[in-house]
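Each chain gets a letter, A, B and so on, in the order the sequences are listed, and its residues count up from 1.
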Amino acid sequence: MTVRLSYENGTIRVDAGGSAGADGTGTDRIPPLPGVEDDPRSGTARAPAYRYAAIRRALSVAGVSVEDRVLADRPSGGDDDLALSTDYDLREYQADALAAWHDADDRGVLELPTGAGKTVIAIRAMVDLGVPTLVVVPTIDLLDQWERELDTEFDVPIGRFGGGEQRQEPITVSTYDSAYLKAEDVGDDFAFVVFDEVHHLGGEGYQDIARLLAAPARLGLTATFERPDGGHETVAELVGERVYALDVDDLAGDHLAPYDIRRMEVELTPEERERYEAKQGTFVGYLRESGITFTSGEDYRKLVMRSGNDPRAREALLAKSAAREIMMNAERKIERLADLLDRHREDRVIVFTAHTELVYRLSERFLIPAITAETGAKERREILERFRDGTYSRVVAANVLDEGVDVPDANVAVVLSGSGSEREFTQRLGRVLRPKDDGGRAILYELVSAETAEERVAGRRR
DNA sequence: TTGACTCAACATCCTTTGCTACAA
DNA sequence: TTGTAGGTTTCCATGTTGAGTCA
């Protein structure tokens, strides 16, 4: 018996070759295959495309002969294997990471800190496999960076999905958004897919990108694999398990700058304290009265749902939000920031906050260029360029510089306020860890309002 | 080509206690 | 007596991004 595999709209179609089975599906003699189910509408059996590699393996184990048309139906007829080469030499840990990935059948996630050279490993993997490859990235900025990098490294045209262009080549870079829109059409055109910042793939909609692609070889890159919502388990199913992990401390002092984290507590002013306690009291009081207890973030979502038709729940959430704003934007943090900026007059400083309004206040008060979501692409480029060439020695930003932006190196970071997200914290720290020419240490200051919920928030992210 | 706009998607959003009704 | 679920079929607010549309 021969089983025929082909790609159809994001699925792998499975037909028993030659004669159809008695039930008309043509699948009655096929051994059980991972993810394959009967599809009565088309009278065949099929599985989500991401199961392709597992199906191949199962058929091989069962000793079934296979007529595989999945990747062969590409425009080029499958004859487009690429002769790629690279001049990059991998560092020892990069080579170890790549070897671990190959050992896992060319699947899996590498968790390495920002600045560890994840791109280089991916390029080497592309050279090793020499097959059509799709690279998926979260932002236009990263799209540009990858395109430049691949263009310099390889002697083949680089395709691009995103930022207003839809140009496909054997090696193509795409945003997650464009990949989501095109995955069904191009799902059988690539034998290898690289997901940069792969934690994004845990998002509800983005998961479909990986499901619709047939590419048997899959590489995920991230600095922070685990997601608070457990989405990394889905990522592991779609891309492969985490096969190699290093954290910042494994590389600090060697390939990354040595660093110190200094937490500084500031007191709320009496007026802030009064407002904070009132707002926080409204929130906690509501929880107590309505018998709501928190064991996880899930419970918070339930409260949010409840607020849709319970005015008191809504009032409690608004009070919580106001309390958060008071502790995060405390007046004495700004005074402390003034001291720090004074102390680090000779250094390159990035100030991070959680609220845009505070960014503009700090920008006015200290005459520092500001970057928020409202800052246009052109202006943002100019500010970062001047920060890079030394015209500016400090920048204040909301959450925009956390990820996916090529930020010039700094050696001091001041986190005025942030979420409890471990990812956000790791990314912010990563902004000061590029090795210094003089071998100097990087410093991250974390300003926390004493005796507020912020102490717990700050504890959660570390 | 650029810029302004809208829209959709994603991420974070959290407390220190122990009620009430119902099923097994 | 003990164990368990708890509004049903999302979304209080803010920040950020990419895609698409239109002038």
* Integer angstrom distance from the C1' of B/dG18 to that of C/dT10 -> 27 Å
* Asked: Any idea which heavy atoms bring A/Arg428 and A/Gly418 closest together, and the distance?
  -> NH1-CA, 3.7 Å
* First encountered from the 5' end of DNA chain B, between A/Ala453 and A/Gln207 -> A/Gln207
* Are A/Tyr445 and A/His344 near enough that their ring centres are under 6.0 Å apart? -> yes
* Asked: Quick one: A/Asp229 CG to B/dA9 P, roughly how many Å, whole number?
  -> 17 Å
* Validation row, ring centre A/Phe192 to ring centre A/Trp101 under 6.0 Å -> yes
* Syn or anti for C/dT9 (syn when the glycosidic angle lies within 90° of 0) -> anti
* Asked: Is there side-chain contact between A/Phe154 and A/Ile171, with heavy atoms separated by less than 4.5 Å?
  -> yes
* **First and last nucleotide of DNA chain C, 5' to 3', lying under 4.0 Å from heavy atoms of chain A** => C/dT10 to C/dG20
* Tell me what A/Gly376 touches on the nucleic acid: a base, only sugar-phosphate, or nothing, going by heavy atoms under 4.0 Å. => nothing
* Under the side chain to side chain donor-acceptor pair (under 3.5 Å) test, residues paired with A/Arg388 that sit two or more places apart -> A/Glu385
* Would you say a side-chain N or O of A/Arg456 is under 4.0 Å from OP1 or OP2 of B/dT15? -> yes
* Which is true for A/Gln280 with a 4.0 Å heavy-atom rule: it touches a base, it touches only sugar-phosphate, or it touches nothing? -> sugar-phosphate
* Nearest-Å distance for atom pair OH/P, residues A/Tyr300 and B/dT12 -> 14 Å
* To do: Using a 4.0 Å heavy-atom cut-off across all strands, classify A/Glu315 as base, sugar-phosphate, or nothing.
  => nothing
* **A/Arg348 charged N/C atom sitting above A/Phe387 aromatic ring, 6.0 Å / 45°** => yes
* Asked: C1' atom, C/dC22 versus B/dT1: distance in rounded Å?
  -> 14 Å
* **DNA chain C contacts among residues 158-166 of chain A, heavy-atom distance under 4.0 Å** => A/Gly162, A/Gly163
* Interatomic distance where CZ belongs to A/Arg227 and P belongs to B/dC10 [whole Å] -> 9 Å
* Asked: Which part of the nucleic acid, if any, lies within contact of A/Leu181, taking any heavy atom under 4.0 Å across all strands shown: a base, the sugar-phosphate backbone alone, or nothing?
  -> sugar-phosphate
* What is the distance, rounded to the nearest whole Å, between atom OH of A/Tyr206 and atom P of B/dC10? -> 6 Å
* Would you indicate what A/Ser419 reaches in the nucleic acid, counting non-hydrogen atoms under 4.0 angstrom: base, sugar-phosphate, or nothing? => sugar-phosphate
* Could you tell me the separation between the CZ atom of A/Phe283 and the P atom of B/dC13, rounded to a whole number of Å? => 12 Å
* With sequence neighbours excluded, what pairs up with A/Glu271 under the side chain to side chain donor-acceptor pair (under 3.5 Å) test? -> A/Arg275
* Can you tell me how far C1' in C/dA13 sits from the matching atom in C/dT9, rounded to whole Å? -> 23 Å
* Asked: Which part of the nucleic acid, if any, lies within reach of A/Val304 when heavy atoms closer than 4.0 Å are counted: base, sugar-phosphate only, or nothing?
  -> base
* Would you say the side chains of A/Asp250 and A/Tyr93 form a donor-acceptor pair under 3.5 Å? -> no
* Quick one: closest heavy-atom pair of A/Gln168 and A/Asp189, and the distance? => NE2-OD2, 3.0 Å
* To do: With P as the reference atom in both, quote the distance from B/dT16 to C/dC11 in angstrom, rounded to an integer.
  => 27 Å
* Rounding to a whole Å, what distance do you find between A/Glu197:CD and B/dC10:C1'? -> 14 Å
* Asked: Whole Å only: how far is the OH atom of A/Tyr176 from the P atom of B/dC10?
  -> 12 Å
* Between C/dT8 and B/dT15, how far is it from one P atom to the other, in whole Å? -> 23 Å
* Asked: Between C/dG6 and B/dC14, how far is it from one P atom to the other, in whole Å?
  -> 24 Å
* **Those residues that, when tested against A/Asp229, pass side chain to side chain donor-acceptor pair (under 3.5 Å) (two or more places apart)** => A/Arg227
* A/Ala316 near the nucleic acid: base, sugar-phosphate alone, or nothing, with a heavy-atom cut-off under 4.0 Å? -> nothing
* Not counting sequence neighbours, which residues clear side chain to side chain donor-acceptor pair (under 3.5 Å) with A/Thr175? List them please. => A/Ser178
* Structure fact -> Rounded to whole Å, CZ of A/Arg380 lies from C1' of B/dG3 at a distance of 15 Å
